[in-house]
Structures are given as C-alpha cells and as structure tokens.
Amino acid sequence: MSTFEETARKILAEADVRIGGDRPQDIQVHDNRLYARVIRDGDLGLGEAYMDGWWDANQLDVFFAHLLQIDPMKAIKLSPGLVAEIAKVKLFNQQSTGKTKSDLSHHYDIGNELYEQFLDKRMIYSCAYWKDARTLDQAKRPSSISSVANSNSSLV
C-alpha cells in the first residue's frame with residue numbers, strides 16, 4: 001500500500017468512509033493513481049479523477065456529506081515519508097503542455113451540436129421569462145424580459 005493510499009484510508013476512516021465498502025458513503029477506487037492525484041491537485045484532482053472514472057461512490061451526495069463533516073486537510077498527518085512523496089509528486093508533475101492542449105481540445109472543441117440542444121437559436125446564454133412563452137426562443141425575447149423588469153420596478 002502506498003503512502004498516499006494509507007493516508008487516504010486514514011482520512012476517510014475519520015469520515016466513516018471505506019474504500020471498497022457497500023454502505024452509501026463508501027467509495028470504489030478503480031485506478032490507484034487517484035491517491036497521488038488528489039495529493040497533487042486537491043479537490044480539483046478528486047473531481048477530475050471522478051470524471052475520468054478513477055473512482056466512484058455508492059451515493060456521491062452521502063460520500064461528500066461524510067467527507068465535509070471533517071476537515072480532510074487537517075486530518076493529514078505529515079510524516080517524513082509522506083512529505084517526500086508529496087515533494088516527488090509536485091516536482092515530477094505528469095502534466096505537459098502538449099497533454100494540457102489535448103485535454104482542453106477534448107473538453108472544449110466539441111462542435112455546436114451539444115449547445116444547440118439547450119441554447120436558443122441565437123446560441124446565447126441568458127435569462128428567460130416563461131409566463132406566456134411556449135418555447136425557449138419566445139421566453140428569451142427581449143420584450144418579454146424587459147416587460148418583467150418594468151413590472152418589477154414598479155414594486156420598488
């Protein structure tokens with residue numbers, strides 16, 4: 001067992017979470033690189049590792065409710081071995097400029113089909129007012145939104 005995994009198990013035990021358990025708050029680890037990633041990148045690393053399929057929870061909301069009952073950062077007990085492992089992970093970051101560009105492209109250069117499903121025909125993120133509207137385009141018409149703003153200003 002790696003120093004990172006050992007540390008993770010101790011922190012999770014404090015939150016009453018088991019790795020490989022079957023209770024709602026328990027998690028399943030599918031990739032042991034998870035431990036070093038979380039140490040290197042913190043909560044962002046935990047979230048990205050989840051999206052990459054490195055781990056999952058029996059019930060994600062219950063897992064986080066348990067985890068947030070403790071302060072995971074305060075629960076880390078630094079030992080010389082853990083400090084050495086953290087330094088190694090920080091110094092020898094696996095991320096490269098080429099990989100970063102590839103990751104960004106994978107997440108953002110996906111075309112317009114997805115956005116066409118939930119944005120209006122003008123592809124604009126904005127608010128909508130649904131009182132008399134039947135479609136997203138009708139709800140996002142400036143006249144319907146401004147009429148709400150005008151009616152609300154009379155209440156002030």
Side-chain angles (χ1 to χ4, degrees), residues 1-121 123-131 133-137 139-140 145 148 152:
M1 183 180 314
S2 77
T3 306
F4 294 142
E5 182 177 351
E6 187 177 318
T7 300
R9 285 184 184 274
K10 287 177 184 174
I11 292 168
L12 292 173
E14 196 169 315
D16 191 30
V17 174
R18 292 185 203 127
I19 298 170
D22 60 358
R23 301 171 305 160
Q25 70 268 29
D26 294 338
I27 66 169
Q28 313 305 316
V29 174
H30 308 297
D31 190 320
N32 286 331
R33 294 178 296 170
L34 168 70
Y35 308 111
R37 188 172 187 180
V38 171
I39 295 297
R40 182 185 69 227
D41 300 330
D43 54 0
L44 179 63
L46 181 68
E48 288 179 343
Y50 177 81
M51 291 186 302
D52 289 341
W54 291 12
W55 71 279
D56 59 53
N58 296 339
Q59 290 185 9
L60 198 58
D61 58 332
V62 178
F63 163 70
F64 278 111
H66 276 257
L67 192 61
L68 292 173
Q69 289 179 9
I70 66 164
D71 184 346
M73 295 312 291
K74 284 186 180 175
I76 294 175
K77 306 293 187 246
L78 292 178
S79 67
L82 182 58
V83 170
E85 288 295 316
I86 292 170
K88 187 169 77 175
V89 167
K90 294 280 189 183
L91 290 172
F92 301 106
N93 187 348
Q94 299 291 320
Q95 199 69 317
S96 67
T97 304
K99 177 139 176 43
T100 301
K101 287 179 182 175
S102 169
D103 289 347
L104 287 171
S105 176
H106 174 75
H107 287 287
Y108 295 106
D109 297 341
I110 59 174
N112 287 340
E113 289 106 18
L114 172 67
Y115 301 105
E116 288 169 348
Q117 298 299 311
F118 65 90
L119 296 176
D120 68 4
K121 64 184 175 187
M123 301 282 281
I124 295 175
Y125 291 94
S126 68
C127 63
Y129 179 65
W130 287 90
K131 182 179 177 208
R134 294 198 176 274
T135 69
L136 180 60
D137 288 317
K140 291 174 87 174
I145 295 170
V148 172
N152 286 339

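Since the model is a prediction, treat every value here as computed from it, not as a measurement. Computed from heavy atoms alone, side chains included, the values below leave out hydrogens, waters and symmetry copies.
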Quiz item: Do you know the tightest heavy-atom contact between N58 and G21?
Solution: ND2-O, 3.1 Å
Quiz item: Can you name the closest pair of heavy atoms from G45 and V38 and give their distance?
Solution: C-CG2, 4.5 Å
Quiz item: Side chains of L12 and I19: closer than 4.5 Å at any heavy-atom pair?
Solution: yes
Quiz prompt | Contacts of R18 that satisfy side-chain contact (heavy atoms from CB on, under 4.5 Å) - sequence neighbours left out | solution = R23, D26
Quiz item: What distance do I27 atom CD1 and L46 atom CG have between them, rounded to the nearest 0.5 Å?
Solution: 7.5 Å
Exercise. Name all residues meeting the ring pair (Phe, Tyr, Trp, His ring centres under 6.0 Å) criterion together with W54; count only those two or more places apart in sequence or in a different chain, and write none if there are none.
Key: none
Exercise. Identify, with sequence neighbours excluded, every residue that meets side-chain contact (heavy atoms from CB on, under 4.5 Å) alongside A133.
Key: W130, Q138, A139
Exercise. Would you please test D56 and F63 for side chain to side chain contact (heavy atoms under 4.5 Å, CB included) and show each step?
Key: CA-CA 10 Å; D56 59 53; F63 163 70; over 6 Å; no
Quiz item: Which residues pass the side-chain hydrogen bond (donor to acceptor under 3.5 Å, both in side chains) test with E116, sequence neighbours left out?
Solution: none
Exercise. Report the residues that fulfil salt bridge (charged side-chain N to carboxylate O under 4.0 Å, His left out) with D31, sequence neighbours left out, ordered by chain and then residue number.
Key: R33
Self-check item: Pairs touching residues 12-50 that satisfy ring-ring contact (aromatic ring centres under 6.0 Å, His included), sequence neighbours left out
Solution: Y50-W55
Quiz prompt | Under-4.0 Å salt bridge between R9 and E5 | solution = yes
Quiz item: How would you list, by chain and number, every residue that makes a side-chain hydrogen bond (donor to acceptor under 3.5 Å, both in side chains) with D43, sequence neighbours excluded?
Solution: none
Quiz item: Could you state the interatomic distance from CG (L34) to CZ (R37), rounded to the nearest 0.5 Å?
Solution: 8.5 Å
Quiz item: Partners of F64 by ring pair (Phe, Tyr, Trp, His ring centres under 6.0 Å), sequence neighbours excluded?
Solution: none
Exercise. Can you measure from CG (D22) to CD (Q25) and round to the nearest 0.5 angstrom?
Key: 9.5 Å
